[in-house]
Amino acid sequence: MPNILLTGLPGTGKTTYLAALWHCLESDELSLPIYASELGEDVSYLSSIRDRWLNCRQMTHTGERKLHPTQFNLRHRESSAHYSLGVPDLSGELYSDLWRDRQCPSGLAAAINASDGIILFIHPREVHEPTPIIDAVRMAEEVTNATQLPANNAEPAENQTPQHSNTDQASWDAESSPTQVKLIDFFQHLRYDFMTDLPLPVAVLVSAWDLEQKDYSEPDRWLADRLPMLHQYLLASDHSLPSKVFGVSAQGGKLPDDREALANTTIPSDRISVVTDDGSSGTIASPLLWLFRTIPELNG
Amino acid sequence: MDNIQNCSEGSCDVNETGVCIEGFEDLRDCPNFKGGPSDTSVDTQTDATGETQSEQQATEPDEGRSERTDEERIHHVSPREELDHEEANAILRSEDSRIVVVAGPADSGKTTLMSSLYSRFQYNSFAGYCFAGSQSLVAFEKRRHQTRVASGRITPDTPRTVVGFGGLLHLRLAPTDALKSEKHNLIFTDLAGEHFTNAKDTAEAVDSIPGLKRADHLAILLDGERLADTGERHSVRVQAQTLFRRVVETGVLHRGAHVQFVVTKWDIIDAEEMVEETREFLDATDQYVDTRFSDRIASWTFLKTAALPVRSDATPPRSYSGLESLLKLWMSRSVDRTYHTATRTEPKRDKLRQYEKLGL
């Protein structure tokens with residue numbers, strides 16, 4: 001069966017996507033190319049997160065390191081192909097621990113080793129880009145110059161910048177590293193430190209895409225602009241980690257601000273919007289369908 | 001072969017007694033311990049700590065393996081710190097690779113140059129190359145920390161490489177016009193300046209520079225801040241020349257290798273309006289190499305960099321002045337291992353072309 005691993009740092013939208021996906025596949029509201037052919041042995045976790053999504057509630061995020069094994073039985077509407085899809089939902093903290101501590105629980109290792117494809121979630125508001133000191137100094141000087149007193153009272157701009165010392169320094173903290181570096185590190189683990197079969201397809205999902213739509217029409221361009229090093233890495237790793245970028249809004253809006261409007265949506269699935277890498281419309285199943293087309297074991 | 005032990009804690013006499021001053025029964029647990037079986041891989045030189053390392057890493061827990069505890073609960077992954085010799089050799093065997101030895105006294109900007117090159121890719125592809133990975137990713141990140149606001153500093157800096165630490169850094173790059181088909185690796189040495197200060201004075205110390213024997217490039221840094229100081233510039237130039245001479249005369253550097261004389265902190269020279277003066281000053285070095293050693297190396301080139309400008313108005317933001325030319329040079333040439341003879345009809349000198357192109 002294909003095992004698709006949902007990955008991403010904390011708060012990047014993995015569980016929201018899974019909840020919305022399960023609803024769409026089980027309800028078949030959208031008549032997607034794939035649908036849930038049967039409920040499966042135990043859908044209690046899927047049901048609980050689906051209920052929260054239907055009620056326009058944010059997913060609970062306790063910070064605990066948990067793994068929720070889930071499994072769908074799917075059928076492709078056109079080809080009648082059957083898929084028994086494993087989609088373990090792991091806490092984002094497990095991935096951030098991997099960067100910081102250089103180790104992970106065996107449960108995560110097993111899930112990674114068993115995966116046939118990866119969905120990587122990135123939330124636009126969770127992208128960390130450390131500020132270079134020289135940029136901060138420039139900004140401070142610009143602000144200072146803009147608020148400078150008239151010429152007869154002025155001091156040189158550099159004398160007005162805050163005078164702090166280089167003596168009170170903070171030592172390196174792994175958490176302070178750029179998001180794109182942490183994600184590249186994860187991909188390097190996939191290639192070198194786990195027993196994954198390569199090529200391993202990667203669907204990159206930019207979650208909460210509605211927040212970025214006014215500035216970007218193409219998720220691939222967003223990735224190139226916001227995480228350029230990761231973008232380069234994926235381009236250069238196409239042979240071992242073929243990838244495609246999607247923009248996904250699984251909630252349909254911002255919670256709790258938009259809750260009332262979202263709850264009034266007649267067909268819950270209509271809340272969801274997906275854009276493929278070149279800006280064309282897709283569905284919530286588009287990342288899965290692309291993975292199915294790309295996973296070598298499913299394509300002979 | 002017997003283990004050669006070494007400890008970076010000067011007061012520990014584990015070499016003689018086998019007893020760790022920190023109280024670790026298993027020496028591998030001690031953070032100061034650098035011991036291991038001797039190196040029998042391609043690079044047979046002693047490393048920066050004065051010991052050889054073996055390709056056998058039987059004493060180290062393997063990355064990518066779970067601990068063999070009863071429950072197998074933890075899976076370790078690579079620390080992605082500085083490479084050891086085994087990791088470096090694995091890269092050298094697998095893909096096109098170049099070894100770059102970055103040499104110079106303390107504070108000349110060696111680590112800054114390498115880490116700034118890495119950092120440049122965090123903004124965009126660079127010099128015609130895309131970032132394709134690094135086996136020393138964490139090591140690079142630690143070196144960039146003091147350039148970021150999170151460090152608490154008000155001026156950017158790079159941590160000084162301490163004697164006994166440092167090591168090999170790695171960048172994997174792909175040409176933007178051949179992303180899928182080509183990959184190239186750069187392996188840098190990152191050593192404390194004291195190693196090079198010792199190396200210029202003693203032939204024995206040259207052997208302690210890892211990678212030099214197999215180096216494709218030797219980049220000798222001249223501290224631009226000191227070159228701009230008339231009271232110091234002569235010693236800066238002479239130190240660089242002496243190091244170059246030492247490396248060439250010992251024969252450790254292959255005759256087919258390429259040498260660069262890199263003036264760092266060029267923003268300071270620029271700010272002091274000493275560009276022309278510095279260029280003329282370095283003519284003496286060019287003459288020194290040309291008249292005495294032109295047949296001992298494949299090429300020599302003069303370049304300038306401003307990899308970490310401190311003044312906010314010194315250069316345009318993120319221009320990383322000079323790094324592009326340097327990277328292109330490193331990627332375009334590798335050691336010519338067919339070059340053995342001492343005779344040459346024409347000196348392979350790039351000075352004129354580089355002067356014209358870069359305005360050095």
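Chain letters run A, B, ... following the sequence lines, proteins first, then strands; residues in each count from 1.
- Annotation: residues 234-247 of chain A contacts chain B through A:Leu235, A:Ala236, A:Asp238 [non-hydrogen atoms, separation under 4.5 Å].
- Contact check for B:Arg144 versus B:Ser116: side-chain heavy atoms found under the 4.5 Å cut-off.
- Residue A:Glu297 places its CD atom among more than 12 non-hydrogen atoms of other residues, nucleotides or ligands, all under 6.0 Å distant.
- The shortest side-chain heavy-atom distance between A:Phe121 and A:Tyr95 does not fall under the 4.5 Å cut-off.
- No side-chain donor-acceptor contact under 3.5 Å links A:Asp101 to the backbone of A:Gln103.
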Please set out all donor-acceptor pairs under 3.5 angstrom arising from side-chain atoms of residues 223-230 of chain A, sequence neighbours excluded.
{"unit_1": "A:Asp225", "atom_1": "OD1", "unit_2": "A:Arg221", "atom_2": "NH1", "d": "3.4"}
{"unit_1": "A:Asp225", "atom_1": "OD2", "unit_2": "A:Tyr216", "atom_2": "OH", "d": "3.1"}
{"unit_1": "A:Arg226", "atom_1": "NE", "unit_2": "A:Glu129", "atom_2": "OE2", "d": "3.3"}

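- Of the charged side-chain nitrogens involved, none lies within less than 4.0 Å of a carboxylate oxygen, so that B:Lys110 and B:Asp190 do not count as a salt-bridged pair.
- A donor atom on one side chain and an acceptor atom on the other are found under 3.5 Å apart for A:Thr276 and A:Ser280.
- Per-residue heavy-atom pair counts under 4.5 Å with chain A were compared for B:Ala174, B:Ala178, B:Ser125, and the maximum is reached by B:Ser125.
- Annotation: side chain of B:Arg143 is in contact with side chain of B:Leu169 (closest heavy-atom distance under 4.5 Å).
- Taking each heavy atom of A:Ser96 and A:Glu175 in turn, the nearest pair found is O-OE2, 4.5 Å.
- Residues of residues 197-206 of chain A never come closer than 4.5 Å to chain B when only heavy atoms are counted.
- Taking 4.5 Å as the limit, every side-chain heavy atom of B:Ser136 sits out of range of all side-chain heavy atoms of B:Tyr118.
- Most heavy-atom pairs under 4.5 Å with chain A: of the set B:Phe140, B:Tyr129, B:Phe121, this distinction falls to B:Phe121.
- Within the 4.5 Å cutoff, the side chain of B:Thr305 has no heavy atoms near those of the B:Leu221 side chain.
- B:Arg80 and B:Glu141 are not joined by a salt bridge, as no carboxylate oxygen comes within less than 4.0 angstrom of a charged side-chain nitrogen.
- A heavy-atom distance below 4.5 Å is not found between the side chains of B:Val138 and B:Pro79.
- By a heavy-atom distance cut of under 4.5 Å, A:Ser177, A:Pro178, A:Gln180, A:Val181, A:Ile184, A:Asp185, A:Gln188, A:His189, A:Arg191 are the residues of residues 177-191 of chain A near chain B, going up by number.
- Of the residues B:Arg172, B:His184, B:Glu182, the one that meets the side-chain contact (heavy atoms from CB on, under 4.5 Å) test with B:Glu95 is B:Arg172.
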